[in-house]
Amino acid sequence: MFRLAPSCKDRRLCKLLPLLQAHRPLFSAAANSLQISPDCLENESREIDFDDLFQSCTKLHHVKRLHALLVVSGKIKTVFSSTKLVNFYANLGDLSFSRHTFDHISYRNVYTWNSMISVYVRCGRLSEAVDCFYQFTLTSGLRPDFYTFPPVLKACRNLVDGKKIHCSVLKLGFEWDVFVAASLLHMYCRFGLANVARKLFDDMPVRDSGSWNAMISGYCQSGNAVEALDILDEMRLEGVSMDPITVASILPVCARSDNILSGLLIHLYIVKHGLEFNLFVSNNLINMYAKFGMMRHALRVFDQMMERDVVSWNSIIAAYEQSNDPITAHGFFTTMQQAGIQPDLLTLVSLTSIVAQLNDCRNSRSVHGFIMRRGWFMEDVIIGNAVVDMYAKLGIINSACAVFEGLPVKDVISWNTLITGYAQNGLASEAIEVFQMMEECNEINPNQGTYVSILPAYSHVGALRQGIKIHARVIKNCLCFDVFVATCLVDMYGKCGRIDDAMSLFYQVPRSSSVPWNAIISCHGIHGQGDKALNFFRQMLDEGVRPDHITFVSLLTACSHSGLVSEGQRYFHMMQEEFGIKPHLKHYGCMVDLFGRAGHLGMAHNFIQNMPVRPDASIWGALLGACRIHGNMELGAVASDRLFEVDSENVGYYVLMSNIYANVGKWEGVDEVRSLARDRGLKKTPGWSSIEVNNKVDIFYTGNRTHPKYEKIYDELRNLTAKMKSLGYVPDKSFVLQDVEEDEKEHILTSHSERLAIAFGIISSPPKSPIQIFKNLRVCGDCHNWTKFISQITEREIIVRDSNRFHHFKDGICSCGDYW
DNA sequence: TTAGGGTTAG
């Protein structure tokens, strides 16, 4: 039931009373709910203004009631009133009732058809609009007029339709109507035929500002920023001044092409000509300043607006969300609601990202529910993708996958988002599986984003051959010079041990941003080539590239892996003092690792205690790792106590601490930690190593005896061990962390998974060819030493990548100088 | 009575 508070509405509705009286039996319920008092009945005049009546209805069910009354009273017979209803229903959001009304109009004229077409366009149902146009021309026997073409040209989604409709325009002689011509220009620009549009434009006998605007926005929408700015200059040279629509078309071009100067000049023009009070203009200014990162300017425009719509709010929310200020963004969202503005689909797209940035798992469910209740998943794939991304970023990967599976339409971005989600949650094999599914479904063409999402997954598992295949596809698709794809390739070659390939690719890509530099620095860092990493950093500064926070993570990691303690400290200060970068937890973690690895455990602990932010698990984990390397049981216990509180589910920390105890023979400590892990339902991650031979990846678990060639592998191992003992190899049994007899200890060392993989590589590949293996955990000290001997005996280069770094063995030496 | 050219996004 609804109330009609304003008296003018009462008066208008009272005009309906004769009808209500006539059909009281049928419409008494309606009359009651209209709350019309009996007094009104007496004073009713007979004139009824349908237009005013419908205008007074702000709710769909008001219109439906009036419609029913009019039908029954026989007043709705004219085409005019019926067509009006087609528009009213659409404006009130009931497209299906609009179509239903249209279908029941027995006699339709051009106005009826035009209305139905433009209704479809207004509701974004573009293919239906074009279909309706064809139905109109083929079945109605009527001729379209010049009102018909602008909406249908706007609705064309391919050039074939566009050209057909252009033929109709020519046949009927409407090509120089300024409205029709503007639509044609825009259509041709959108489909990349700017030359056709330009020819039409030059031939036009009369042009208005709309014609220029159509060319400018057409260029913008096809991504031709330079042409758009050129034609703007031409327009101004001809003395045509910019109107609000010109400005609203050109500001996004400045934003996208990062043309700050033009943007500022246009803002001056806007102020000078009093255009800043136009809603579209202000909204565009907010968006442009946000893209330039000029948040104070964006905020000033927003604050000075006389009226704001949902786009204004979305723009300011997205501006803060994208400048990584989710708290302010969320504040604007709250204020928007207080101002009574209903959020739309795009507000929720920003909100998903805000929730992810705030790491707010609880609210992620509410946001998801809100979107579901409005049925927005059916409306646009973008919102589904945003929700998948939100869950993936929160680490709730199962929910991300469930939402992905339920999406009514999946585009390439949906797939990319899920692949990235798995890869960033450390689930590289799942990411690869999703990529394979995408390839098998044969409906989606991978794009730049796909390569950027799958390459890190290949890097993670060391799948060099798969990575090379992607490289070939990247070349075929001309994406070699895309800085993000190229950087992923540099990273992939680096992480798969092909540092030379990484280098040669690095020199081919554009290097004006920090992104490729970060990759090449990190690549040398994990290979223990700290000096080279530092050289790249200096070269980067010489070339005028500004480092960012990731550069310093790569640089500090490089220092820590190469024992460059004082250099690391210097860069940590340089980052803050010269580049004004506030250290993140990641940087603090690198510093703890830097001190810890070098054996300065006290300094590392002291550093943690003086940190201005609360240390998380990664910080204590770095300290515990260092305690394991240097056998410091006391400090290890301090670190592990903290870890078992803050990240009690991570089994790796229990294993590290029990290893520290085992290493000094403190077996009761080992038992204590193990039972703690067992009580919490945690299981030790089994160690495994993989090797790619003849395009096939073989995986070996420690002590594995199920491989078809296991007998030959163990024969080879015995053979090799005998040879290396004669060269001076003595097994270091302190790396056996079980409390077993001495004889058993040597056997345990021999069956470590990396040795099985290396032995398999030796018997399966030509003599002296290089071997590369990947291990999921860290390589132990005895295996490290053992592999040095193997590289000498077999004259092979052996590359071992473990969960921490690379070990390059050649001629009995490791390139890391045994510092790891 | 119906029409062009304009903004936000994963």
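The chains referred to below are lettered A, B, ... by the order of the sequence lines, with proteins before strands, and numbering in each begins at 1. Small disclaimer: the values here were computed from a predicted structure and weren't measured.
Nearest nucleotide to the side chain of A:Val311, out of B:dT7, B:dT2, B:dG6: B:dT7. Comparing B:dG6, B:dT7, B:dT2 against the side chain of A:Pro252 picks out B:dT7 as the nearest. Relative to the side chain of A:Asp380, the nucleotides B:dT2, B:dG5, B:dA9 differ in distance, and B:dA9 lies closest.
Residues from residues 397-418 of chain A lying near DNA chain B, meaning a heavy-atom separation below 4.0 Å, are A:Asp411, A:Ile413 in numerical order. Heavy-atom distances under 4.0 Å link DNA chain B to A:Asn278, A:Phe280, A:Asn283, A:Asn284, A:Asn287, A:Lys291 of residues 275-294 of chain A, given in residue order. Listed by residue number, A:Asp243, A:Pro244, A:Ile245, A:Ala248, A:Ser249 are the residues of residues 234-250 of chain A with a heavy-atom contact under 4.0 Å to DNA chain B.
Of the charged side-chain nitrogens involved, at least one lies within less than 4.0 Å of a carboxylate oxygen, so that A:Lys393 and A:Asp389 count as a salt-bridged pair. Electrostatic pairing of A:Arg198 and A:Glu234 counts as a salt bridge here, judged by a charged N lying under 4.0 Å from a carboxylate O. Using a 4.0 Å cut-off between charged side-chain N and carboxylate O, A:Glu405 and A:Lys410 make no salt bridge.
Nucleic acid contact for A:Arg190: none, since no nucleic acid atom lies under 4.0 Å from a heavy atom of the residue. Looking at heavy-atom distances under 4.0 Å, A:Arg256 makes contact with sugar-phosphate atoms alone, never a base. The residue A:Val381 sits close to a base: some heavy atom pair falls under 4.0 Å. Residue contacts shown for A:Phe146 include a base, since a base heavy atom lies under 4.0 Å away. At the heavy-atom level, A:Val178 lies under 4.0 Å from base atoms of the strands shown.
Counting to the nearest Å, the P atom of B:dT8 and the CD1 atom of A:Ile383 are 17 Å from each other. If you measure from atom NE2 of A:His186 to atom P of B:dG6, you get 4 Å, rounded to the nearest angstrom. Distance, A:Trp113 CH2 to B:dA3 P: 18 Å, rounded to whole Å. We find that CD1 of A:Ile354 is positioned 13 Å from C1' of B:dT8, with the value rounded to whole Å. For A:Trp212 and B:dG6, the CH2 to P distance is 17 Å, given to the nearest whole Å. In this structure, A:Glu321 atom CD and B:dA9 atom C1' are separated by 9 Å, rounded to whole Å. For the pair A:Gln221 CD and B:dG6 P, the computed distance is 5 Å after rounding to whole Å. A:Asp145 places its CG atom 12 Å from the P atom of B:dT2, with the value rounded to the nearest Å.
Using a 30° and 60° split on the angle between ring planes, A:Phe292 and A:Tyr289 fall in the perpendicular class, above 60°.
OP1 or OP2 of B:dA3 sits under 4.0 Å from a side-chain N or O of A:Arg122. For the pair A:Ser315 and B:dT7, the criterion of a side-chain N or O lying under 4.0 Å from OP1 or OP2 is not met.
Remark: A:Phe484 CZ is loosely packed, at most 12 non-hydrogen atoms of other residues, nucleotides or ligands lying under 6.0 Å away. Counted within 6.0 Å of CD1 on A:Ile327, heavy atoms from surrounding residues, nucleotides or ligands total 12 or fewer; the atom is thus considered open.
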task: Evaluate the criterion ring pair (Phe, Tyr, Trp, His ring centres under 6.0 Å) for residue pair A:His186 and A:Tyr219; output intermediate values, then yes/no.
output: CA-CA 8 Å; A:His186 196 258; A:Tyr219 275 125; over 10 Å; no
task: Under the side chain to side chain donor-acceptor pair (under 3.5 Å) rule, what do A:Asn284 and A:Ser282 come out as? Steps first, then yes or no, please.
output: CA-CA 5 Å; A:Asn284 271 308; A:Ser282 302; over 6 Å; no
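For the pair A:Arg374 and A:Phe370, the cation-pi criterion (under 6.0 Å, within 45° of the ring axis) is fulfilled. Taking the centre and axis of the six-membered ring of A:Tyr134, the NZ or CZ atom of A:Lys164 falls inside the cone set by 45° and 6.0 Å.
The base of B:dT2 sits with one of its N or O atoms less than 3.5 Å from a complementary donor or acceptor on the side chain of A:Tyr147.
At a cut-off of 3.5 Å, with distance as the only test, no side-chain donor of A:Asn213 or A:Ser249 sits close to an acceptor on the other residue. In summary, the side chains of A:Asn114 and A:Thr112 do not present any donor paired with an acceptor at a separation below 3.5 Å, with no hydrogens or angles considered.
Aromatic ring centres of A:His166 and A:Phe174: separated by at least 6.0 Å.
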